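For the single chain, residues carry numbers from 1 onward in sequence order. As the structure is a prediction and not an experimental result, all values here were calculated from the model.
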Amino acid sequence: MDKAVVEDLASKHAALHALIDEEEHRTHPDEDLLHRLKKEKLRLKDAMLGH
């Protein structure tokens with residue numbers, strides 16, 4: 001996989017991590033949103049690992 005593609009995926013993965021962390025620390029986190037964000041983060045991780 002192209003290094004630039006992996007770096008782009010890693011950047012998106014890090015951004016999702018920040019969004020998840022922010023949402024988890026809200027008084028009333030949106031569980032549906034958290035589920036979608038975590039699923040997307042996992043998809044990106046799998047893509048980086050070549051699965």
Side-chain angles (χ1 to χ4, degrees):
M1 187 177 289
D2 188 336
K3 183 178 177 183
V5 173
V6 173
E7 288 175 356
D8 183 51
L9 292 172
S11 175
K12 289 177 182 178
H13 187 270
L16 281 171
H17 180 77
L19 286 172
I20 290 167
D21 189 52
E22 181 181 320
E23 187 64 32
E24 286 179 332
H25 289 91
R26 291 181 187 235
T27 306
H28 301 288
D30 182 338
E31 295 298 327
D32 290 333
L33 175 60
L34 279 172
H35 178 74
R36 288 192 308 270
L37 291 173
K38 287 178 179 183
K39 192 171 185 177
E40 179 64 12
K41 184 179 168 191
L42 183 58
R43 187 190 70 75
L44 289 173
K45 182 178 177 183
D46 285 347
M48 285 188 292
L49 296 174
H51 293 156

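Side chain of H25 to main chain of D21: a donor-acceptor pair is present (N/O by atom type, distance under 3.5 Å, no hydrogens or angles).
Distance check: E7 CD to K12 NZ gives 13.0 Å after rounding to the nearest 0.5 Å. Here the CZ atom belonging to R43 is positioned 9.0 Å from the CG atom belonging to L16, to the nearest 0.5 angstrom. The CZ atom of R26 sits 9.5 Å away from atom CG of L34, with the distance rounded to the nearest 0.5 Å.
Both V6 and L44 sit in one connected hydrophobic cluster of ILVMFWY residues. Membership requires side-chain heavy atoms under 4.5 Å apart, directly or through other members.
A pairwise comparison of heavy atoms in L9 and M48 identifies CB-CG, 3.5 Å as the closest pair. E23 and P29 make their closest contact through O-CB, 3.2 Å (heavy atoms, listed as atom of the first residue, atom of the second, distance).
Classification of D32 and R36 as a salt-bridged pair fails, no side-chain N sitting under 4.0 Å from a carboxylate O. Ionic pairing of E24 and K38 is present here: one or more N-O contacts between side-chain nitrogen and carboxylate oxygen are shorter than 4.0 angstrom.
In this model, a donor atom of one side chain and an acceptor atom of the other lie less than 3.5 Å apart for K41 and H17.
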